[in-house]
Engineer: 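First the structure, which I've put down as C-alpha cells, then a few questions once you've had a look.
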There are 2 protein chains.
Amino acid sequence: MSAQPGSGPQLSRGEFGLLLLGLLGRCEMYGYEIVAELRRSTEGAIDLPEGTVYPALRRLERDGLVGGHWVEMAGGAPRRRYYRLTQEGERALATGREDWLRFKSAADAVLGS
Amino acid sequence: MSAQPGSGPQLSRGEFGLLLLGLLGRCEMYGYEIVAELRRSTEGAIDLPEGTVYPALRRLERDGLVGGHWVEMAGGAPRRRYYRLTQEGERALATGREDWLRFKSAADAVLGS
DNA sequence: CCTCGTACCTAGAGTCTCTAGGTATGCCAC
DNA sequence: GTGGCATACCTAGAGACTCTAGGTACGAGG
C-alpha cells in the first residue's frame with residue numbers, strides 16, 4: 001500500500017486498507033464497529049461487507065500496520081478484537097494520505113470535476 | 001462498473017476504467033496515446049503501464065462502453081486503434097462521476113483531508 | 001421456538017493490476 | 001549494417017483484493 005519510496009501510483013490497490021487506517025487513526029475500534037461506523041459516517045457511500053473488512057484488518061495486522069487485542073465482554077456478550085495503529089501504521093497513513101491527495105486531484109483533472 | 005441502480009459503493013472495482021472513460025469523454029484517443037497523456041497530464045500521479053491500459057480498453061469495448069476502430073498510418077508507421085465513447089459509455093461516465101464525487105467526500109471525511 | 005442483534009470467521013469465485021515479456025516497423029548514429 | 005530507440009500493439013501468468021454466501025456462538029424479545 002505504499003512502502004515504495006518513489007510515489008504511490010496505484011491507490012486502487014489497498015485503498016480500503018487506507019480507509020481503515022484513517023478510521024483507526026482516530027481511535028481504537030473493532031471490526032463490527034468499523035463496518036457500522038463506515039456506513040453511518042459516510043451515509044452509505046462506503047458500505048463494506050464484513051467479508052471485506054475482517055480479512056483487510058488481518059492483512060493490516062499481518063503487515064504490522066495495526067495491532068489487535070481481544071477484549072472479553074461482560075454478560076456473555078461476544079468478545080471484540082480491538083485494533084489500533086502501530087507506529088508503522090501511522091507512517092503508512094501519512095504517506096497514504098499524500099498519495100490520496102495526489103490521486104484525487106489527478107483524477108479530478110481527468111474527470112473534469 | 002455501475003449498472004447497479006442503488007448506489008455505486010465499490011469504486012475500487014474498475015476505477016481505472018472510469019479514468020479511461022473520462023479521457024475518452026474529451027476526444028477520441030488510442031491506447032499508446034492514453035498511457036502517455038495520463039502520465040503527462042497528471043505529472044506522474046497516475047502512471048498506468050501498457051499492460052494495464054490495453055486490457056482495460058478491451059474490457060470497456062467488450063462491455064459496450066467504448067467503440068474502437070483501426071486507423072492505418074502512412075509511411076509504414078504502426079496502425080492505431082482509436083476509441084470513443086458509446087452512448088452507454090456516456091451514461092456510465094455520468095454515473096461514474098457521481099459515484100466518484102460521493103466516494104471522494106466520504107473518503108475525505110474518513111481520512112480527515 | 002424462532003428470529004434478531006452482536007461479533008467473529010472462512011472458502012471460493014471473480015476481477016483487476018502489473019511484470020515481463022513478444023511482434024513489427026522506421027530512423028538515427030557509429 | 002547493426003545496435004538502439006521510438007512508435008504501437010499484444011499476451012500469459014502471478015498476485016492481490018473484493019464480495020457472496022455461508023458458518024459459529026450467545027442472549028434477548030415476542
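Only heavy atoms go into these numbers, but all of them, side chains included; no hydrogens, no water, no symmetry mates. Every chain is numbered from 1, with letters handed out A, B, ... down the list of sequences. Quick caveat: nothing in here was measured; it's all calculated off a predicted structure.
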Engineer: Is A/Tyr32 near enough to C/dC8 that one of its side-chain N or O atoms lies under 4.0 angstrom from OP1 or OP2?
Structural biologist: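 No, because none of the side-chain N or O atoms of A/Tyr32 sits under 4.0 Å from OP1 or OP2 of C/dC8.
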Engineer: Check every atom of C/dC8, C/dC9, D/dC10 against the side chain of B/Trp70 and return the nucleotide holding the closest atom.
Structural biologist: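 The answer is D/dC10.
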Engineer: Which whole-number value in Å describes the distance from A/Met73 CE to C/dG5 P?
Structural biologist: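 Going from A/Met73 (CE) to C/dG5 (P), I get 19 Å.
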Engineer: Rounded to the Å, how far apart are B/Glu72 CD and D/dA8 P?
Structural biologist: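 Atom-to-atom, B/Glu72 to D/dA8, this comes out as 13 Å.
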Engineer: Taking any heavy-atom pair under 4.0 Å as a contact, classify A/Glu33: base, sugar-phosphate, or nothing.
Structural biologist: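 Nothing, no heavy atom under 4.0 Å.
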Engineer: With the side chain of B/Arg81 defined as its heavy atoms from C-beta on, choose the nearest nucleotide among C/dC8, C/dT17, D/dC10.
Structural biologist: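 Per side-chain heavy atoms of B/Arg81, the pick is D/dC10.
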Engineer: Picking from C/dT6, D/dT20, D/dC9, which would you name as closest to the side chain of A/Pro78?
Structural biologist: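 Nearest listed nucleotide: C/dT6.
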Engineer: Rounded to whole angstroms, how far apart are CZ on A/Arg59 and P on D/dC17?
Structural biologist: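 It works out to 5 Å between those atoms.
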Engineer: A/Gly51 near the nucleic acid: base, sugar-phosphate alone, or nothing, with a heavy-atom cut-off under 4.0 Å?
Structural biologist: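 Base, at least one base atom sits under 4.0 Å.
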Engineer: Would the distance check show the side chain of B/Thr52 and the main-chain N or O of B/Leu48 forming a donor-acceptor pair, the cut-off being under 3.5 Å?
Structural biologist: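 No, the answer is negative, given that no donor and acceptor are paired below the 3.5 Å cut-off.
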Engineer: Looking at C/dC8, I'd like to know if its phosphate oxygens (OP1 or OP2) sit under 4.0 Å from a side-chain N or O belonging to A/Tyr30.
Structural biologist: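 For C/dC8, neither OP1 nor OP2 has a side-chain N or O of A/Tyr30 closer than 4.0 Å.
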Engineer: Distance check needed: D/dC17 P versus A/Ile46 CD1, whole Å only.
Structural biologist: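 About 18 Å, once rounded to whole Å.
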Engineer: Over how many whole Å does the gap from A/Tyr82 atom OH to C/dT6 atom C1' extend?
Structural biologist: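 The answer, rounded to whole Å, is 12 Å.
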Engineer: Please state whether the phosphate of C/dC8, meaning OP1 or OP2, lies under 4.0 angstrom from any side-chain nitrogen or oxygen of A/Tyr54.
Structural biologist: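 Checking A/Tyr54 against C/dC8: at least one side-chain N or O falls below 4.0 Å of OP1 or OP2.
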Engineer: Considering just the side-chain nitrogens and oxygens of B/Arg79, establish if one lies under 4.0 Å of OP1 or OP2 belonging to C/dT23.
Structural biologist: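 Checking B/Arg79 against C/dT23: no side-chain N or O falls below 4.0 Å of OP1 or OP2.
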Engineer: Of the nucleotides D/dT11, D/dT18, C/dT10, which has the atom closest to the B/Pro55 side chain?
Structural biologist: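 Of D/dT11, D/dT18, C/dT10, D/dT11 is nearest to the side chain of B/Pro55.
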Engineer: Checking the side chain of B/Thr86 only, and the main-chain atoms of B/Gly64 only, is there a donor and an acceptor separated by less than 3.5 Å?
Structural biologist: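 Yes, the answer is positive, given that a donor and an acceptor are paired below the 3.5 Å cut-off.
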Engineer: Could you tell me how far apart B/Glu37 (CD) and D/dT7 (P) are, to the nearest whole angstrom?
Structural biologist: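 Between P of D/dT7 and CD of B/Glu37: 14 Å.
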Engineer: Supply the atom-to-atom distance B/Arg81 CZ to B/Tyr30 OH, rounded to the nearest 0.5 angstrom.
Structural biologist: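 The OH atom of B/Tyr30 is 15.0 Å from CZ of B/Arg81, to the nearest 0.5 Å.
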Engineer: Between A/Ala77 and A/Ala56, which has a closest nucleotide on DNA chain D that is more 5'?
Structural biologist: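 Whichever sits nearer the 5' end wins; that is A/Ala56.
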Engineer: With a 4.5 Å cut-off on side-chain heavy atoms, are A/His69 and A/Glu28 touching?
Structural biologist: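 Yes, side chains in contact.
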Engineer: Any heavy-atom pair between the side chains of B/Arg80 and B/Met29 that's under 4.5 Å?
Structural biologist: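 B/Met29 does not reach B/Arg80 side chain to side chain.
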Engineer: At under 4.0 Å, does any side-chain N or O of A/Arg58 touch on OP1 or OP2 of C/dC8?
Structural biologist: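 Checking A/Arg58 against C/dC8: no side-chain N or O falls below 4.0 Å of OP1 or OP2.
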Engineer: With rounding to the nearest 0.5 angstrom, report the CG to CH2 distance, A/Leu111 to B/Trp100.
Structural biologist: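 Reported to 0.5 Å precision, the distance equals 7.5 Å.
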Engineer: Using whole Å, what does the distance between atom C1' of nucleotide D/dA8 and atom NE2 of B/His69 come to?
Structural biologist: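 In whole Å, D/dA8 C1' lies 15 Å from B/His69 NE2.
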Engineer: From the set D/dT20, C/dC8, D/dC9, return the single nucleotide nearest to any side-chain atom of A/Glu50.
Structural biologist: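 So the nucleotide nearest the side chain must be C/dC8.
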Engineer: A/Glu15 CD to D/dT18 C1': how many Å, rounded?
Structural biologist: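 These atoms are roughly 13 Å apart.
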